[in-house]
Amino acid sequence: MKETIYALSSGSVPSGVAVIRISGPAVRKVVSSLCRKIPTHRQTQLSKLRDPQTREVLDEALVLYFQGPNSFTGEDVAEIHCHGGRAVVAAVLNSLAQFEACRPAEPGEFTRRAFDGGRMDLTEVEGLADLIASETESQRRQAVRQMGGALGKLYDDWRKRLIHMRAMIEADFDFADEEDVPGSVADKVWAEAGELKAEIEDHLVRSKSGERLRSGVQVVLMGAPNAGKSSLLNAIAGRDVAIVTEEAGTTRDVIEVHLDLVGYPVTLVDTAGLRKAEGVVEQEGIRRAEQRGREADLILWAVEPDGIESTDKDGGLPADLSTEVPVWTVRTKADLETPPKQDSSGTTIDIPASSKDRNGVRALFEALTCFAKETISVSEVPLATRSRHRHYLNDCLTNLEKAVTADHLPAELRAEDLRRAADDLGRITGRIDVEDLLDVIFRDFCIGK
Ligand SMILES: Nc1nc2c(c(=O)[nH]1)N(C=O)[C@@H](CNc1ccc(C(=O)N[C@@H](CCC(=O)O)C(=O)O)cc1)CN2
Ligand SMILES: Nc1nc2c(ncn2[C@@H]2O[C@H](COP(=O)(O)OP(=O)(O)OP(=O)(O)O)[C@@H](O)[C@H]2O)c(=O)[nH]1
């Protein structure tokens with residue numbers, strides 16, 4: 001028999017109320033033992049919770065019951081809403097552990113059961129994970145929509161169209177010998193396939209924005225040592241409206257701050273000062289700084305008043321930087337200088353900033369907010385949000401392209417490419433072999449979800 005799983009779903013204790021969730025075939029037995037009576041489906045019941053062995057009262061709690069299949073997981077589910085004291089939660093979890101075939105849930109295991117039971121597709125699962133990870137309004141909006149199935153529906157519709165096209169082609173070549181079946185059926189299908197291909201290409205282009213919204217616009221501060229990069233980061237992040245979380249990067253030289261700029265997520269990255277370094281550690285720091293620069297959506301090039309010439313000598317932007325990455329020159333320590341004549345190059349935006357006075361970074365802050373808005377452009381249509389989606393969409397396009405262009409090949413082979421293209425979309429929603437992928441996706445979930 002399938003195991004029954006349980007977990008604290010409500011976050012860290014102590015808390016006012018803690019929610020302990022239980023799912024699986026033993027739920028009815030467990031609940032009737034802990035609180036005698038099983039609540040009516042979808043209703044809560046105030047009950048004394050008792051230790052199954054000693055019958056000692058552990059707490060007075062609200063117990064909620066969902067009879068499978070009408071539950072989040074599709075199995076029988078109960079929720080115990082008890083007091084959020086450490087010892088209360090420990091005592092309840094401990095009594096659950098005493099039941100046979102009952103064990104603590106793995107991260108994301110409730111959701112995994114919902115997926116296995118066909119209650120959610122993979123894009124909905126990912127939307128749910130993104131919703132829990134969301135830090136800004138625009139991220140929340142995109143995640144809610146994806147969790148609600150909008151993206152999955154788009155891919156399912158495309159997949160159905162492909163399956164239909166293939167059926168038409170196969171029907172056409174079954175009757176190919178008969179005279180009165182017009183060849184135009186196939187022509188129509190290939191024209192439709194071409195249209196779908198264009199739709200998917202358009203979706204892919206627009207989805208850059210979806211991925212950026214999910215992970216935050218990457219803004220990387222670069223410049224010579226001592227140019228004032230760290231002070232700038234602190235000055236921007238220190239504004240009450242801006243800071244959400246601060247975390248050290250994977251290296252001690254790369255610091256990331258997650259900003260919420262009026263609902264748009266921006267990851268601001270401070271990097272090691274660029275110069276011709278002697279030490280191995282510093283060289284590694286610079287290598288990583290350059291790497292982040294290459295991945296950036298925007299580079300803030302910090303230049304101090306008398307440092308403009310020295311940056312050229314000591315090290316500039318990485319030579320292989322894509323010309324598509326915009327670079328803004330930020331004149332740091334603007335409180336020390338008399339403003340220079342307007343930069344005539346016209347290639348970069350030039351923004352004076354001072355970390356020393358309260359209004360010193362206002363212009364930069366506002367320019368960044370505009371940039372984030374323009375880069376992300378929250379859309380009403382669902383967008384791909386992960387490189388995983390992009391990967392399979394590209395595979396799908398490759399197969400579709402083969403099918404559409406191969407008019408010298410027999411229809412059987414072209415129909416087979418249509419099937420492959422449909423399968424690629426099925427992999428995004430998880431309808432087609434994704435077993436090895438699931439562990440990776442669910443590993444990132446919280447316990448209790
Ligand atoms: N207490 C509590 N709050 C919660 C959840 C939960 O599981 N428990 N959720 C969990 O993530 C979210 C709400 N989402 C949910 C989605 C589906 C079902 C559910 O039981 N669906 C059944 C029955 C629907 C019905 O009441 O008729 C179904 O779809 O068949 C429950 C919660 C957020 N808040
Ligand atoms: N007057 C003034 N001094 C500043 C300003 N910003 C930074 N400084 C000073 O410049 C020095 C270097 O600043 P940091 O922010 O550490 O420079 P950095 O670019 O991060 O340096 P590295 O981490 O070595 O690359 C410090 O002494 C700061 O106090 C500013 O806006 N005005």
Side-chain angles (χ1 to χ4, degrees), residues 7-11 17-23 27 39-44 61-82 105 108-115 117-120 124-125 127-129 131-132 143-144 147-149 220-238 252-255 268-275 277 282 285-286 288-289 300-307 310-311 314-315 330-337 351-362 364 445-446 448-449:
L8 174 67
S9 285
S10 54
V17 174
V19 177
I20 292 165
R21 213 191 211 179
I22 316 162
S23 177
V27 162
T40 314
H41 172 61
R42 287 178 61 188
Q43 297 202 354
T44 49
L62 279 175
V63 181
L64 172 56
Y65 175 66
F66 293 94
Q67 173 137 33
N70 298 111
S71 70
F72 178 74
T73 57
E75 305 175 320
D76 285 352
V77 169
E79 290 182 7
I80 297 172
H81 298 206
C82 58
E109 197 171 3
F110 293 97
T111 311
R112 176 140 191 182
R113 288 190 175 191
F115 171 77
R119 306 183 65 81
M120 295 173 94
E124 290 167 2
V125 167
L128 173 56
L131 184 65
I132 291 172
V144 163
M147 182 181 71
V220 178
L221 270 164
M222 300 183 87
N226 254 6
K229 299 180 296 297
S230 306
S231 308
L232 204 57
L233 179 104
N234 289 336
I236 296 174
R252 64 191 166 87
D253 47 313
V254 177
I255 305 280
L268 187 60
V269 186
D270 186 19
T271 62
L274 302 174
R275 63 172 169 186
E282 196 181 348
I286 291 173
R288 291 176 191 201
L300 299 181
W301 182 245
V303 180
E304 55 181 329
D306 55 359
S310 67
T311 49
D314 288 355
V330 178
R331 279 182 286 113
T332 54
K333 312 183 190 182
D335 52 304
L336 296 182
E337 69 172 339
I351 304 172
S354 165
S355 309
K356 294 281 169 179
D357 74 87
R358 240 166 46 82
N359 291 322
V361 292
R362 174 170 287 175
L364 178 58
F445 267 78
C446 319
K449 191 64 234 176

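The structure presented is a predicted model; accordingly, all values stated were derived computationally and were not measured. Atoms within each ligand, like the ligands themselves, are counted from 1 in listed order.
Here the side chain of Ser354 pairs no donor or acceptor atom with the backbone of Lys333 at under 3.5 angstrom. Judged by distance alone, with hydrogens and angles left aside, the side-chain atoms of Lys229 form no donor-acceptor pair with the main-chain N or O of Val269 at under 3.5 Å. No donor-acceptor pair closer than 3.5 Å links the side chain of Arg113 to the backbone N or O of Gly74.
Taking only nitrogen or oxygen atoms, main chain and side chain alike, Ala227 reaches within less than 3.5 Å of ligand 2. Of the polar atoms of Asp270, none of the N or O atoms is found under 3.5 Å from an N or O of ligand 2, judged by distance alone. Remark: ligand 2 and Thr332 share no N or O pair separated by less than 3.5 Å (distance only, no angle test). Considering backbone and side-chain N/O of Thr271, none are found under 3.5 Å from N/O of ligand 2. No N or O atom of Ala334 sits closer than 3.5 Å to an N or O atom of ligand 2.
By the definition of a contact as any protein heavy atom under 4.0 Å away, atom 20 (O) of ligand 1 is in contact. In this structure, atom 25 (C) of ligand 1 has a protein heavy-atom contact shorter than 4.0 Å. Note that atom 33 (C) of ligand 1 has no protein non-hydrogen atoms nearby, at separations under 4.0 angstrom.
Taking every heavy atom of Asp335 and a limit of under 4.0 angstrom, the matching atoms of ligand 2 come to 1 (N), 2 (C), 30 (C), 31 (O), 32 (N). The distance from ligand 1 to the heavy atoms of Arg21 drops below 4.0 Å at these ligand atoms: 6 (C), 7 (O), 10 (C), 11 (O). Listed by atom number, the atoms of ligand 2 under 4.0 Å from Leu336 heavy atoms are 1 (N).
Summary of contacts: the protein heavy atom closest to atom 31 (C) of ligand 1 is Phe72 CB, 4.3 Å. Of all protein heavy atoms, the one closest to atom 30 (O) of ligand 1 is Arg119 NH2, 2.6 Å. For atom 1 (N) of ligand 1, the nearest non-hydrogen atom of the protein is Glu79 OE1, 2.8 Å. Looking only at heavy atoms of the protein, atom 23 (C) of ligand 1 is closest to Asn70 O, 3.3 Å. The protein heavy-atom contact nearest to atom 12 (C) of ligand 1 is Lys449 NZ, 4.8 Å. Remark: minimum distance from atom 7 (C) of ligand 2 to any protein heavy atom is reached at Ser231 OG, 3.3 Å. From the protein, the heavy atom lying nearest to atom 27 (O) of ligand 1 is Arg42 NH1, 3.3 Å.
Side chains of Val27 and Tyr65 form a contact here, defined as non-hydrogen atoms less than 4.5 Å apart.
Only the side chain of Phe66 comes within 4.0 Å of ligand 1, judged by heavy-atom distances.
With Phe445 as the aromatic partner, Arg112 does not meet the cation-pi criteria of under 6.0 angstrom to the ring centre and within 45 degrees of the ring axis.
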